Amino acid sequence: MPAFVVVTKIDIAPKHILDQTIDVISRILKSNGAGRKMPCLISSMDDVITAAKETVNRKLVPIFKISNVSGEGMELLRAFLNLLPTRPHWEKRLHKPAELQIDESFGITGIGTVVSGTMTAGRVGINDEMLFGPDSL
């Protein structure tokens with residue numbers, strides 16, 4: 001599930017408080033605990049299109065500012081939700097060879113290199129061996 005943030009009540013929040021709130025949210029998203037995400041403040045339809053394409057990799061987190069009273073920003077949020085890709089049909093993908101798109105890697109003393117990513121097909125079990133690619137096979 002892609003992550004995104006919606007900040008509401010922008011019509012009644014003082015500008016400095018709104019800016020401070022966005023700054024705090026951005027710092028939290030960039031932290032190690034949140035997985036070092038990349039916050040992106042959405043202010044145009046071009047931003048919406050970029051965010052909808054990039055949220056699939058789960059690194060980019062769009063931030064929407066909306067007013068529930070005036071409706072400001074709602075059209076951008078609606079457009080984003082309509083552009084998100086549909087949920088994958090895992091039943092069809094489970095019988096394919098395992099494929100993991102690596103998002104990040106890091107080293108742990110005493111263990112070695114650890115990778116994390118997005119599983120796009122197949123299954124991986126304990127002691128399974130995987131190959132790095134891309135490869136023509």
Side-chain angles (χ1 to χ4, degrees):
M1 201 60 194
F4 58 96
V5 176
V6 179
V7 178
T8 62
K9 301 186 181 182
I10 63 169
D11 51 335
I12 62 172
K15 180 168 177 15
H16 72 283
I17 298 294
L18 179 60
D19 292 343
Q20 184 180 28
T21 301
I22 300 276
D23 185 53
V24 169
I25 291 168
S26 295
R27 279 190 277 133
I28 290 169
L29 290 171
K30 290 177 183 177
S31 72
N32 288 340
R36 294 180 290 204
K37 305 291 186 194
M38 195 170 73
C40 175
L41 191 58
I42 303 298
S43 59
S44 70
M45 197 55 73
D46 287 339
D47 293 343
V48 168
I49 293 167
T50 300
K53 288 178 184 174
E54 294 298 321
T55 53
V56 177
N57 71 22
R58 292 182 174 78
K59 280 302 207 184
L60 184 97
V61 178
I63 301 173
F64 294 88
K65 298 187 304 184
I66 68 165
S67 166
N68 295 337
V69 175
S70 70
E72 180 184 345
M74 290 294 289
E75 71 283 353
L76 298 175
L77 179 59
R78 274 193 208 98
F80 173 75
L81 293 173
N82 285 322
L83 287 173
L84 286 177
T86 58
R87 184 176 59 98
H89 299 284
W90 283 108
E91 300 79 29
K92 295 177 185 175
R93 295 180 179 192
L94 283 176
H95 303 293
K96 291 185 176 185
E99 182 177 321
L100 174 77
Q101 294 180 358
I102 298 173
D103 295 327
E104 65 180 309
S105 65
F106 48 92
I108 297 180
T109 305
I111 294 183
T113 302
V114 176
V115 298
S116 69
T118 304
M119 196 76 184
T120 57
R123 294 181 178 184
V124 177
I126 296 173
N127 295 323
D128 282 356
E129 290 185 17
M130 303 216 28
L131 302 174
F132 285 101
D135 185 7
S136 62
L137 301 174

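Positions are given from 1, in the same order as the sequence printed here. Bear in mind the structure is a predicted one, so any value in this text is a computation, not a measurement.
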I22: hydrophobic cluster co-members (side-chain, 4.5 Å): V5, V7, I10, L18, I25, L29, L41, V61, I63
Would you confirm whether K37, through its side chain, and S26, through its main-chain N or O, come within 3.5 Å as a donor-acceptor pair? no
Can you tell me how far NZ of K30 sits from CZ of R36, rounded to the nearest 0.5 angstrom? 13.5 Å
Which pair of heavy atoms, one from V124 and one from M130, lies closest together, and at what distance? CG2-SD, 3.4 Å
E99 versus R93: any side-chain heavy-atom pair under 4.5 Å? no
Heavy atoms of S105 and T113 approach each other most closely as CB-CG2, 4.5 Å
Exercise: identify the closest heavy-atom pair between A121 and K96: CB-CB, 4.2 Å
With R123 via salt bridge (charged side-chain N to carboxylate O under 4.0 Å, His left out) - residues at least two apart: none
Is M45 linked to F4 within one hydrophobic cluster, defined over Ile, Leu, Val, Met, Phe, Trp and Tyr using a side-chain heavy-atom separation of less than 4.5 Å? yes
Which atom pair, heavy atoms only, marks the closest approach of C40 to L60? CB-CD1, 3.8 Å
What one should report as the nearest heavy-atom pair of D103 and G117 is OD2-CA, 3.4 Å
Table please: side-chain donor-acceptor pairs of residues 68-83 below 3.5 Å, with sequence neighbours left out.
residue: S70; atom: OG; partner: S67; partner atom: OG; Å: 3.2
residue: S70; atom: OG; partner: E72; partner atom: N; Å: 3.3
residue: N82; atom: ND2; partner: R78; partner atom: O; Å: 3.1

Got D19 and H16 here, is their nearest side-chain heavy-atom distance under 4.5 Å? no
